[in-house]
Amino acid sequence: MYDIPFLDIPPLRAASGTVRLPGSKSISNRVLLLAALAEGRTLVHEPLQSDDTRVMLDALCALGCTVQLAAHGALRIDGLGGRLPVQQAALFLGNAGTAMRPLAAALALLAATQGGRFELSGVPRMHERPIGDLVDALRALGCDIVDLGRPGYPPLRVEGQPGGMLHTGRPIPVRGDVSSQFLSALLLALPLVSQAQDIVIEVQGELTSKPYVAITLNLLARFGISVAHEDWRRFVVPRGSRYRSPGEIHVEGDASSASYFIALGAIAAHGGAPLRIEGVGSDSIQGDIRFVDAAQAMGAKVQAGPGWLQVSRGAWPLRALQLDCNPIPDAAMTLAVMALYADGPTRLTNIASWRVKETDRIAAMAAELRKLGASVTEGQDFIEVVPPHRWQHAAMHTYDDHRMAMCLSLASFNPLAGHTGSGGPGLPVRILDPRCVAKTFPDYFETLFGVVSAEPADVPVITVDGPTASGKGTLAAALAARLGYHTLDSGSLYRATALAALQDGIAPDDEATLARLAAMLDLRFEGTAVVLRGRPVGDDLRREDVGSLASRVAALPAVREALHGLQLAFRRPPGLVADGRDMGTVIFPDAALKVFLTASAAQRASRRHKQLISKGIQARLDDLRVDLEVRDARDKSRSVAPLRAAEDALSLDNSALSIEESVDVVLGWWQQRRPFD
Ligand code: DC
């Protein structure tokens with residue numbers, strides 16, 4: 001997950017490979033609640049692990065439910081059988097509508113009949129998202145609900161005494177045209193109180209987002225409750241309903257999340273290989289799977305089977321679309337971004353529900369697409385997008401809305417826009433607050449970067465060169481963490497070659513054998529671990545004998561040549577911070593920012609000394625200093641790629657700076673070179 005203030009995505013040009021989707025948010029939160037209310041134990045396979053499901057699980061635990069982590073990320077939930085062991089709780093539900101609405105309904109009914117007092121609150125945006133229609137319906141039933149803030153919005157308190165009676169005998173009216181979550185919440189909760197008689201719900205106004213209600217009915221059936229309906233207007237929760245655990249239940253991948261990758265395939269899978277999406281497919285119960293039809297109408301080529309989709313580019317540019325998006329409210333946002341690549345204006349209608357989601361999505365989408373150069377017309381319940389004539393650099397606001405962030409990332413394919421579709425010069429796109437994707441898809445950007453490709457020249461590189469123990473590695477790692485970029489610790493390649501040479505007993509001057517060894521090095525970087533020949537070698541690489549030999553093998557031209565290609569391969573989206581001796585001069589001469597780091601020999605020797613002592617390794621400061629100076633001299637005087645600052649490098653003497661200060665200086669330089677305000 002990118003927990004950083006912004007993420008710059010370079011211009012991207014193609015996509016292929018396989019992605020595995022995280023579990024559906026809508027299914028996960030319904031299943032977690034049903035499993036908690038049911039009798040018996042439920043094993044939930046592949047639940048979504050995200051902000052929205054975490055607040056639901058925390059709430060269920062606060063209500064006395066036992067949840068255990070089982071193998072492969074599954075959850076084992078012991079249901080409460082419709083009786084709460086806890087009578088009081090304050091629940092914080094973040095910005096999760098799928099937790100707020102059904103929990104409010106369930107707890108209102110439980111408090112009214114069994115007694116209790118529960119407070120439900122969320123983030124400030126949650127307190128701007130309407131819940132009044134649900135509250136009205138529950139009050140009409142006889143529930144006691146106190147508005148703790150603005151009437152009609154969370155936070156709320158629901159309370160009641162044991163033995164309270166509800167008016168379940170007459171039909172319950174509920175509005176359906178603001179959010180289907182009100183109806184879903186009632187449907188999920190009413191079986192708690194339908195022991196004695198059927199309960200009828202009557203929907204007022206046109207029901208929006210029917211497919212989500214269909215998911216609710218489908219999952220209720222899995223938990224033993226069959227709700228009949230007449231044309232989505234009148235629903236009957238049958239008398240004697242009882243939630244019964246199905247034992248095990250599988251959460252399918254999120255169809256709304258699939259939309260970004262379906263769009264990705266339609267836009268960028270043009271090289272012959274399709275983009276394969278695993279987790280949802282032709283057997284999906286989610287309404288947003290119908291996004292496939294819309295994407296096909298725009299030109300996508302799609303194949304589907306149970307649990308999978310394969311998508312590639314068909315028509316190009318994409319075909320402009322006029323569509324009533326009521327059946328696919330969430331995924332429809334993705335169409336607004338596909339519209340950037342269309343051959344005319346795309347108009348999406350019947351999307352009034354966008355205005356009451358994580359943010360006002362119509363206003364937000366219009367504002368951000370305009371920044372990219374598109375012409376956008378918006379109305380109360382529609383949006384029309386005309387593709388940009390000329391794309392513009394833009395820092396995209398994401399409004400704490402996961403879908404805004406994921407949608408807008410697709411603007412990075414701007415070099416493909418236009419009739420050839422194979423690439424002009426491109427612009428990077430800045431995504432502000434990328435962490436907001438954690439609501440439903442914490443690893444969205446990592447997943448995206450796993451299947452896209454860019455021109456190497458478009459992928460920004462920051463180089464950090466300098467002498468031993470100048471703090472290059474620390475600075476480079478900190479910069480990469482702040483920018484979400486990859487790292488290349490090029491010294492570790494020379495060190496790994498040296499370690500392998502020691503293991504194999506190769507003489508330090510046997511250039512040809514050492515070069516062959518370097519070219520065939522079985523070396524992998526797994527997160528922060530370095531794995532040589534199948535074994536983690538992080539500590540061995542820091543050994544003084546290894547460092548010393550590394551300095552000697554690094555002076556051999558054939559070894560440097562053998563490691564050249566390997567280093568270039570680290571240049572992958574979204575970007576790279578590379579540290580070493582010749583990053584700015586030889587390996588990445590076109591780097592966007594080159595830093596040459598220095599510190600006095602005394603300062604560097606003292607840092608290395610502290611490092612060694614902290615690891616329990618004895619060392620003498622004077623010896624270290626002499627050794628550093630010998631190595632510096634060798635690195636500077638060797639015939640190939642000697643240590644020196646590139647002509648266009650910026651020098652930073654960090655002798656008197658903390659790591660944070662050095663990072664801030666370099667980030668300041670970096671911001672000045674980026675095209676964003
Ligand atoms: O940065 P370091 O101490 O891990 O580097 C180990 C050795 O590798 C060092 O003696 C210099 C050499 N090296 C190099 O020649 N070129 C690089 N790009 C990185 C390191």
Side-chain angles (χ1 to χ4, degrees), residues 461-477 480 487-502 508-509 511 514-515 517-518 521 523 525 528 530 532 537-571 576-589 591 594-599 601 603-605 607-609 611-612 615 617 619 624-646 649 654:
V461 179
I462 301 177
T463 60
V464 183
D465 287 307
T468 294
S470 57
K472 301 180 304 294
T474 310
L475 175 65
T487 53
L488 165 59
D489 165 9
S490 60
S492 70
L493 305 184
Y494 294 97
R495 287 174 182 268
T497 306
L499 179 59
L502 286 171
D509 53 359
E511 182 165 357
L514 287 167
L517 182 72
L521 214 53
L523 185 67
F525 293 84
T528 51
V530 188
L532 177 67
V537 290
D539 286 341
D540 286 335
L541 292 187
R542 300 321 305 174
R543 268 168 29 202
E544 286 301 294
D545 59 331
V546 173
S548 190
L549 181 59
S551 162
R552 295 183 63 182
V553 302
L556 303 172
V559 170
R560 300 198 77 83
E561 186 51 39
L563 292 174
H564 198 138
L566 178 58
Q567 295 175 77
L568 296 183
F570 280 76
R571 188 173 197 171
L576 176 67
V577 184
D579 78 86
R581 304 295 187 287
D582 60 344
M583 296 296 99
T585 49
V586 176
I587 307 294
F588 302 109
K594 300 177 184 177
V595 180
F596 194 78
L597 203 58
T598 56
Q603 187 52 260
R604 292 187 283 128
R607 285 181 192 159
R608 172 76 32 106
H609 189 243
Q611 218 175 37
L612 291 174
K615 286 189 194 152
I617 302 171
L624 286 174
R625 182 170 169 165
V626 170
D627 187 53
L628 281 181
E629 283 168 348
V630 170
R631 276 199 226 175
D632 283 356
R634 194 184 296 134
D635 289 346
K636 282 181 187 157
S637 63
R638 68 184 173 217
S639 61
V640 281
L643 170 64
R644 64 176 173 82
N654 69 3

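Atom set for the values below is all heavy atoms of this structure, side chains included, hydrogens, waters and symmetry mates excluded. In listed order, ligands and their atoms are each counted from 1. All residue numbers in this chain count up from 1 along the given sequence.
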Considering the options R560, K594, R638, which one meets the salt bridge (charged side-chain N to carboxylate O under 4.0 Å, His left out) requirement together with D582?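 Among the candidates, only R560 passes.
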Whether the side chain of [X] engages the backbone of [Y] through a donor-acceptor N/O pair (distance < 3.5 Å, no angle test) should be reported.
| X | Y | value |
| --- | --- | --- |
| R604 | T468 | yes |
| R625 | A605 | no |
| D465 | G584 | yes |

Electrostatic pair R543-D539, nearest N-O below 4.0 angstrom: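 A salt bridge is absent here (no side-chain N lies under 4.0 Å from a carboxylate O).
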Assess whether side-chain hydrogen bond (donor to acceptor under 3.5 Å, both in side chains) is satisfied between R631 and S551, documenting all intermediate values. CA-CA 7 Å; R631 276 199 226 175; S551 162; 5.4 Å; no
Mind checking what residues have non-hydrogen atoms under 4.0 angstrom from ligand 1?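 Lining ligand 1 at under 4.0 Å, by heavy atoms, one finds K472, S490, G491, Y494, R495, A550, S551, A554, R560, G580, R581, D582, M583, D635, R638.
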